[in-house]
Amino acid sequence: MSEIGLMEAMYSARALRRLKPDPVPEEIITQILDAAIRAPSAGNSQHWAFVVVRNPEVRRQLGLIYRKASDIAKAVYQGRARTAHMTDEQYQRMMSSGAHLWEHMGEAPVLLVPCLRDRPPPRRETLPPAVQSIYEEELVYTDRIRGASIYPAVQNIILACRAFGLGTLITTHHIRCEGEVKALLGIPDGVLTYALMPIGYPEDKFGPVQRRPVSEVTYADRWSTAWPG
Ligand SMILES: Cc1cc2nc3c(=O)[nH]c(=O)nc-3n(C[C@H](O)[C@H](O)[C@H](O)COP(=O)(O)O)c2cc1C
């Protein structure tokens, strides 16, 4: 593999939803996952697990679940105002690319499902009194940061795919029908899925990734003091 630079990967790894059916070599999938697990996790718990789905029938069924879940997503999107920073054209392009995936998710040669095992906090009575008294807040905190132990790995997957010339993106619609996904894949209780990532050689080109400028989203020292850059 001729490596591309990290910055080039970040600036060009856009969401690619149109993928060729050509198979992805198993050793490349392993290398992508080996990059994924370099990611940080809370307390270095590494309580992640990944299901790699290549079986055509299982992919087809996952695709159907994604299709069903996307109908709900579509209705939610219709009730939401278009984000101001996107032009009509950019928004329509994103929506039509998204709609393509509703119909074709199951045709990607690899569907990757990043998961996390449950990591319950210690029981209240095992903690010092000062923490027992704020136990509910601790639970809220734990809930709030849960995804932060898997989404860095998801981003590593996106970048590693880019390095291998593979298209992918993070999708989450399936979580609306997660019970069906877990039943289909035999995922046990105490494990949750966090993304469904189609992976394959892209029909379209990589990048450039378009974003609002740093100056619009950054403050210096204090909220609402403009960042000079
Ligand atoms: C939390 C999250 C959930 C997403 N879920 C979906 C999804 O279910 N389906 C989909 O097509 N794209 C999904 N996306 C992809 C976004 O639409 C995409 O990252 C965004 O439009 C930017 O695309 P770009 O990098 O090509 O500019 C999701 C992205 C994130 C961060």
Side-chain angles (χ1 to χ4, degrees), residues 4 6-19 36 39 48 51 53 59 61-108 110-116 143-163 165-182 192-214 216-217:
I4 65 164
L6 179 59
M7 297 304 274
E8 186 188 346
M10 286 192 287
Y11 279 75
S12 62
R14 67 185 183 88
L16 287 164
R17 298 182 177 87
R18 294 183 172 84
L19 303 172
W48 41 49
V51 184
V53 182
R59 283 190 282 123
Q61 290 187 39
L62 261 182
L64 291 178
I65 300 171
Y66 183 75
R67 176 76 187 82
K68 185 166 108 180
S70 296
D71 283 340
I72 306 170
K74 187 179 170 191
V76 173
Y77 264 92
Q78 278 165 353
R80 225 187 242 272
R82 170 172 68 72
T83 26
H85 62 83
M86 274 197 250
T87 63
D88 261 342
E89 196 196 333
Q90 286 171 328
Y91 185 71
Q92 289 314 329
R93 214 179 309 128
M94 182 188 76
M95 292 309 281
S96 82
S97 167
H100 174 87
L101 194 59
W102 300 344
E103 307 300 336
H104 299 281
M105 176 66 88
E107 294 162 30
V110 178
L111 295 180
L112 177 60
V113 184
C115 305
L116 277 183
D143 218 37
R144 175 90 188 271
I145 64 159
R146 183 161 294 135
S149 283
I150 189 68
Y151 290 127
V154 167
Q155 182 64 20
N156 275 5
I157 291 166
I158 291 170
L159 294 175
C161 282
R162 174 66 191 92
L166 288 160
T168 191
L169 78 157
I170 169 176
T171 82
T172 52
H173 291 174
H174 76 283
I175 293 172
R176 295 182 166 97
C177 303
E178 192 183 28
E180 289 176 56
V181 173
K182 288 180 64 173
L192 293 177
T193 71
Y194 282 79
L196 171 60
M197 305 180 76
I199 296 177
Y201 294 98
E203 299 273 7
D204 302 317
K205 290 196 173 71
F206 290 103
V209 171
Q210 309 274 5
R211 295 289 184 261
R212 293 170 65 192
V214 171
E216 270 183 29
V217 296

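Worth saying up front: this structure is predicted, and the values here are computed from it rather than measured. Whatever order the structure lists them in is the order used to number ligands and atoms, beginning at 1.
Proximity of T168 to I158: side-chain heavy atoms (C-beta onward) are separated by under 4.5 Å at one or more points. The shortest side-chain heavy-atom distance between V217 and H85 does not fall under the 4.5 Å cut-off. In this structure, the side chains of I4 and R162 come closer than 4.5 Å at one or more pairs of heavy atoms. Considering only heavy atoms from C-beta on, L62 stays 4.5 Å or farther from R59 through its side chain. Residues Y201 and L19 are not in side-chain contact: their nearest non-hydrogen atoms beyond the backbone lie 4.5 Å or more apart. A 4.5 Å side-chain heavy-atom check between R14 and D204 finds at least one atom pair inside the cut-off.
At a heavy-atom distance under 4.0 Å, only side-chain atoms of Y66, from C-beta outward, approach ligand 1.
Of all protein heavy atoms, the one lying nearest to atom 8 (O) of ligand 1 is H173 CD2, 2.7 Å. Among all non-hydrogen protein atoms, the one lying nearest atom 26 (O) of ligand 1 is A15 N, 2.8 Å.
With sequence neighbours excluded, the residues satisfying side chain to side chain contact (heavy atoms under 4.5 Å, CB included) with T171 are Y66, L101, M105, L169, L196, P198. Every residue two or more places apart in sequence or in another chain that forms a salt bridge (Lys or Arg N to Asp or Glu O under 4.0 Å) with K68 is listed here: E180.
Y151 does not count as a contact of ligand 1, since none of its heavy atoms falls under 4.0 Å from the ligand. Residue contact check for ligand 1: H174 places no non-hydrogen atom closer than 4.0 Å to it.
Nearest to atom 29 (C) of ligand 1 by heavy atom, out of V209, I170, L196, I175, is I170. For atom 3 (C) of ligand 1, the nearest non-hydrogen atom from the set L16, T172, T83 belongs to T172.
Taking every non-hydrogen atom of R211 and a distance limit under 4.0 Å, the qualifying atoms of ligand 1 come out as 22 (C), 24 (P), 25 (O), 27 (O). Every atom of ligand 1 is numbered from 1 in the order shown, and the set under 4.0 Å from a heavy atom of L169 is 10 (C), 11 (O), 12 (N), 15 (C). Of all atoms in ligand 1, numbered sequentially from 1 with element shown, those under 4.0 Å from a heavy atom of T171 are 5 (N), 6 (C), 7 (C), 8 (O), 9 (N), 10 (C).
Considering backbone and side-chain atoms together, L101 places no N or O closer than 3.5 Å to any N or O of ligand 1. Of the polar atoms of R17, at least one N or O is found under 3.5 Å from an N or O of ligand 1, judged by distance alone. The shortest N/O to N/O separation between A13 and ligand 1 does not fall below 3.5 Å. The distance criterion of under 3.5 Å between nitrogen or oxygen atoms is not met by Q210 with respect to ligand 1.
Proximity of atom 20 (C) of ligand 1 to the protein is not indicated, since no non-hydrogen protein atom lies closer than 4.0 angstrom.
No donor-acceptor pair under 3.5 Å is formed between the side chain of T83 and the backbone N or O of M86.
The residues R67 and E103 are annotated as salt-bridged, a charged nitrogen and a carboxylate oxygen being separated by less than 4.0 angstrom.
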